[in-house]
Amino acid sequence: MNQAVLSADEVGVSYGGLRAVDGVSLTVAGGELHGVIGPNGAGKSTFMDALSGRCKLSAGSVSLGGEDVTGRSVQWRRRNGMSRSFQRTSVFPGLTVRDQLEFVADLTHETELDLVIEALGLGDFLDVTCSSISYGDQRSVDIAMALIGRPTVVLLDEPGAGLTKEESARMLDHIRGLCREREVAAVLVEHDVEGVFRVCDTITVLDRGVVIASGLPADVRADPQVISAYLGSEA
């Protein structure tokens with residue numbers, strides 16, 4: 001496994017007296033997919049905000065490529081290799097898929113845009129406006145934009161949101177392939193539990209802001225506390 005690219009050390013986020021994230025740590029290497037799962041209200045999206053710089057930490061630190069970036073802005077992190085996709089698509093509906101992707105590629109000096117397009121299956125829609133393609137294909141455009149420019153870290157917040165089970169499985173396969181090919185470190189928050197266990201190398205489970213398990217998928221799936229708090233009979 002490659003050297004760690006992203007590290008979170010005892011990260012905490014508080015809102016007044018509420019600890020939304022409490023002492024969460026993880027490390028992710030290049031080409032590794034690290035899943036973050038847990039019940040609603042577990043603190044998953046808040047943790048992603050902490051990693052990306054969208055919220056201020058009340059404790060702990062975040063490092064990118066070995067450098068402490070805890071005080072750095074979202075924009076600085078994006079310029080220096082950290083990208084993020086959100087639960088809602090951020091495509092421009094009036095642009096064609098080609099124009100949307102080429103615009104981002106120009107900004108990020110991407111030289112292998114065709115490889116991203118091929119990996120995410122967008123070749124048939126390049127000259128169609130984003131508003132005219134399916135929601136699943138819009139999600140693929142959104143993920144492509146996050147991966148254009150060769151980020152070293154990509155934070156993926158529910159890329160399968162709104163997709164069918166088959167579309168979600170296909171999306172996660174595309175993400176895994178691109179991240180491994182480009183040695184991108186990825187943190188994946190996703191409600192498609194089976195998809196997370198299938199594609200991720202390591203998994204962290206949060207419950208009420210606290211890590212209740214972290215490790216290899218098979219070990220996490222068998223953890224009694226995870227079964228009780230989240231997986232239930234699905235385990």
Side-chain angles (χ1 to χ4, degrees), residues 1-15 17-55 57-64 70 82 84-87 153-161 163 165 168-169 171-173 175-176 179-180 184-235:
M1 183 62 69
N2 296 329
Q3 187 174 5
V5 176
L6 175 68
S7 298
D9 183 23
E10 295 292 323
V11 164
V13 178
S14 297
Y15 299 110
L18 173 66
R19 292 198 173 200
V21 175
D22 189 1
V24 177
S25 299
L26 58 75
T27 59
V28 192
E32 180 184 0
L33 273 70
H34 191 113
V36 178
I37 60 175
N40 291 333
K44 302 183 297 295
S45 289
T46 301
F47 180 59
M48 294 288 264
D49 286 343
L51 293 177
S52 66
R54 286 175 60 87
C55 68
L57 273 59
S58 57
S61 62
V62 175
S63 296
L64 178 65
T70 307
M82 181 183 289
R84 181 176 180 182
S85 74
F86 294 87
Q87 294 178 27
V153 174
V154 62
L155 309 175
L156 302 166
D157 199 349
E158 297 191 30
L163 304 184
K165 192 170 184 178
S168 177
M171 172 70 74
L172 293 177
D173 285 341
I175 290 169
R176 178 176 63 180
C179 287
R180 288 186 176 169
V184 176
V187 179
L188 171 68
V189 169
E190 179 57 60
H191 281 296
D192 179 357
V193 176
E194 285 306 315
V196 171
F197 276 102
R198 183 171 58 83
V199 304
C200 288
D201 301 291
T202 52
I203 297 173
T204 293
V205 186
L206 301 182
D207 187 21
R208 288 172 286 189
V210 176
V211 175
I212 61 172
S214 190
L216 297 175
D219 295 334
V220 170
R221 186 189 287 275
D223 188 286
Q225 196 170 358
V226 175
I227 295 170
S228 174
Y230 187 50
L231 297 181
S233 60
E234 292 181 7

Might you point out which heavy atoms bring [X] and [Y] nearest each other, and give the distance in Å?
X: Ala185; Y: Val28; value: CB-CG1, 3.7 Å
X: Ser61; Y: Val11; value: O-CG2, 3.5 Å
X: Leu172; Y: Arg198; value: CB-NH2, 4.5 Å
X: Gly35; Y: Val196; value: CA-CG1, 4.1 Å
X: Pro217; Y: Phe197; value: O-CE2, 3.3 Å
X: Cys55; Y: Thr46; value: SG-O, 3.9 Å

Charged N to carboxylate O under 4.0 angstrom, [X] versus [Y]?
X: Glu190; Y: Lys44; result: no
X: Arg176; Y: Asp201; result: no
X: Asp22; Y: Arg208; result: no

Nearest 0.5 angstrom please: [X] [atom1] to [Y] [atom2], how far?
X: Ser45; Y: Glu158; atom1: OG; atom2: CD; value: 6.0 Å
X: Leu188; Y: Cys179; atom1: CG; atom2: SG; value: 9.0 Å
X: Phe47; Y: Asp157; atom1: CZ; atom2: CG; value: 12.0 Å
X: Ser7; Y: Leu51; atom1: OG; atom2: CG; value: 10.5 Å
X: Leu6; Y: Leu155; atom1: CG; atom2: CG; value: 7.0 Å
X: Leu64; Y: Ser52; atom1: CG; atom2: OG; value: 12.0 Å

- [ ] Spell out, as yes or no, whether a donor-acceptor pair under 3.5 Å connects the side chain of Ser228 to the backbone of Pro224.
- [x] no
- [ ] Would you check if the side chain of Thr70 reaches a backbone N or O of Val62 as a donor-acceptor pair within less than 3.5 Å?
- [x] yes
Hey, are the side chains of [X] and [Y] touching, using non-hydrogen atoms and a 4.5 Å cut-off?
X: His34; Y: Thr27; value: no
X: Leu26; Y: Thr202; value: no
X: Arg221; Y: Ile203; value: no
X: Leu156; Y: Val154; value: yes

- [ ] Go through the steps for Asp49 and Arg84 under the test side chain to side chain contact (heavy atoms under 4.5 Å, CB included), then give the verdict.
- [x] CA-CA 10 Å; Asp49 286 343; Arg84 181 176 180 182; 2.6 Å; yes
Task: side chain to side chain contact (heavy atoms under 4.5 Å, CB included) between Val210 and Arg19, worked out - done: CA-CA 9 Å; Val210 176; Arg19 292 198 173 200; over 6 Å; no
Task: Candidates Ile37, Ile212, Val187, Val211 - the one meeting side-chain contact (heavy atoms from CB on, under 4.5 Å) with Thr204 - done: Val211
Open item on the list: According to salt bridge (charged side-chain N to carboxylate O under 4.0 Å, His left out), who are the partners of Asp192, at least two apart in sequence or on a separate chain?
Closed with: none
Task: side chain to side chain contact (heavy atoms under 4.5 Å, CB included) between Ser63 and Asp9, intermediate numbers included - done: CA-CA 8 Å; Ser63 296; Asp9 183 23; over 6 Å; no
Open item on the list: Determine whether Val5 and Met82 satisfy the following criterion, side chain to side chain contact (heavy atoms under 4.5 Å, CB included), listing intermediate values before the conclusion.
Closed with: CA-CA 10 Å; Val5 176; Met82 181 183 289; over 6 Å; no
